[in-house]
Amino acid sequence: MGWTGRGGRDRQDAEFTEYAQARGARLRETAYLLCGDWHRAQDLAQATLARVYVAWPKIERAEAVDAYARRVLTNEFLGYRRRRSSTERITGEVPETTARTEQPELRLTLLEALGRLTPGRRAVVVLRYWEDHSVETVAEMLGMSASAVKSASLRGLAELRATLGAEFLAELASP
């Protein structure tokens, strides 16, 4: 895209602002599924958008922006778990609700079960089954092999089944 001069910067800022407004809520939802805390999800989404803004001039296609943002979000989540500052404690309070509350009890139970998975498995399960990405796409986003993604998703689903029970997952899958 090659942004040069003040006019290019203004156009870049306008395009990024439009992107952030259109995708910000989705990024926060995905971040919440990964971390289980709305405040931390907001921090992760903001950090992601900041890194997307910096890379904006280098990103050539709209699809690449979404893929880059998902990868950055996942890396921010996994990196946070590794940093020393991740000693914050998450409380047992019920999180704020989002627009999708058709079955709030099921949603809360599922979110609690997701929180019991390791961060890597949680990232794989969320990206594969909530965000509906292919094995190859998740592997690329997380820097893993396709077989490692398959293995992590199988183990993550097995842990969810053990935690939730098969009846719960069948109820969740039905419309």
- [ ] Check the pair Arg155 / Ser151 against side-chain hydrogen bond (donor to acceptor under 3.5 Å, both in side chains), numbers first and verdict last.
- [x] CA-CA 6 Å; Arg155 288 185 177 129; Ser151 175; 2.9 Å; yes
Which pair of heavy atoms, one from [X] and one from [Y], lies closest together, and at what distance?
X: Arg121; Y: Ala152; result: CG-O, 4.0 Å
X: Leu78; Y: Gly120; result: CD2-N, 4.0 Å
X: Ala69; Y: Leu27; result: CB-CD2, 4.2 Å
X: Leu33; Y: Leu111; result: CD2-CD2, 3.2 Å
X: Gly115; Y: Arg122; result: O-NH2, 3.5 Å
X: Val54; Y: Pro57; result: O-CD, 3.5 Å

**Request:** Could you please spell out the steps behind the side chain to side chain contact (heavy atoms under 4.5 Å, CB included) verdict for Arg26 and Glu131?
**Result:** CA-CA 10 Å; Arg26 180 69 178 208; Glu131 291 284 320; 3.3 Å; yes
Check your understanding: Would Leu114 and Leu117 count as a side chain to side chain contact (heavy atoms under 4.5 Å, CB included) if you check the C-alpha gap in whole Å, the side-chain angles of each, and the deciding distance to 0.1 Å?
Key -> CA-CA 5 Å; Leu114 278 171; Leu117 297 177; 3.9 Å; yes
So, taking the atom named OG1 in Thr48 and the one named CZ in Arg23, what distance separates them when rounded to the nearest 0.5 Å?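 Interatomic distance, Thr48 OG1 to Arg23 CZ, rounded to 0.5 Å: 14.0 Å.
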inquiry  = If I take atom CG from residue Leu110 and atom OG1 from residue Thr163, how far apart are they, to the nearest 0.5 angstrom?
reply    =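 Output value for this atom pair is 10.5 Å.
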**Study point:** Under the salt bridge (Lys or Arg N to Asp or Glu O under 4.0 Å) test, residues paired with Arg51 that sit two or more places apart
**Key:**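 Expected list: Glu76.
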(Q) Tyr129 vs Val124, test: side chain to side chain contact (heavy atoms under 4.5 Å, CB included). Steps then yes/no. (A) CA-CA 8 Å; Tyr129 301 105; Val124 168; 5.9 Å; no
Note to self: Could you check whether any side-chain N or O of Arg28 sits under 3.5 Å from a backbone N or O of Ala41, counting only pairs where one atom can act as donor and the other as acceptor?
What the structure shows: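 No, Arg28 side chain to Ala41 backbone: no donor-acceptor pair under 3.5 Å.
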Look at the side chain of Arg71 and the backbone N and O of Glu140, then say whether any donor-acceptor pair between them is shorter than 3.5 Å.
->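 Yes, because the side chain of Arg71 sits within donor-acceptor range (under 3.5 Å) of the backbone of Glu140.
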What pairs of donor and acceptor atoms, side-chain ones from residues 141-149 against any protein atom, are under 3.5 angstrom apart with sequence neighbours left out?
residue	atom	partner	partner atom	Å
Ser145	OG	Ser147	OG	3.2
Ser145	OG	Ala148	N	3.1

Student check: side-chain heavy atoms of Tyr32 and Leu44 closer than 4.5 Å =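 With C-beta onward as the side chain, the pair stays apart.
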(Q) Apply side chain to side chain contact (heavy atoms under 4.5 Å, CB included) to residues Tyr19 and Asp66 and explain how you reach the verdict. (A) CA-CA 9 Å; Tyr19 174 82; Asp66 287 335; 3.0 Å; yes
Is it true that Trp130 and Phe77 fall in one hydrophobic cluster, defined by side-chain heavy atoms closer than 4.5 Å?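 Yes.
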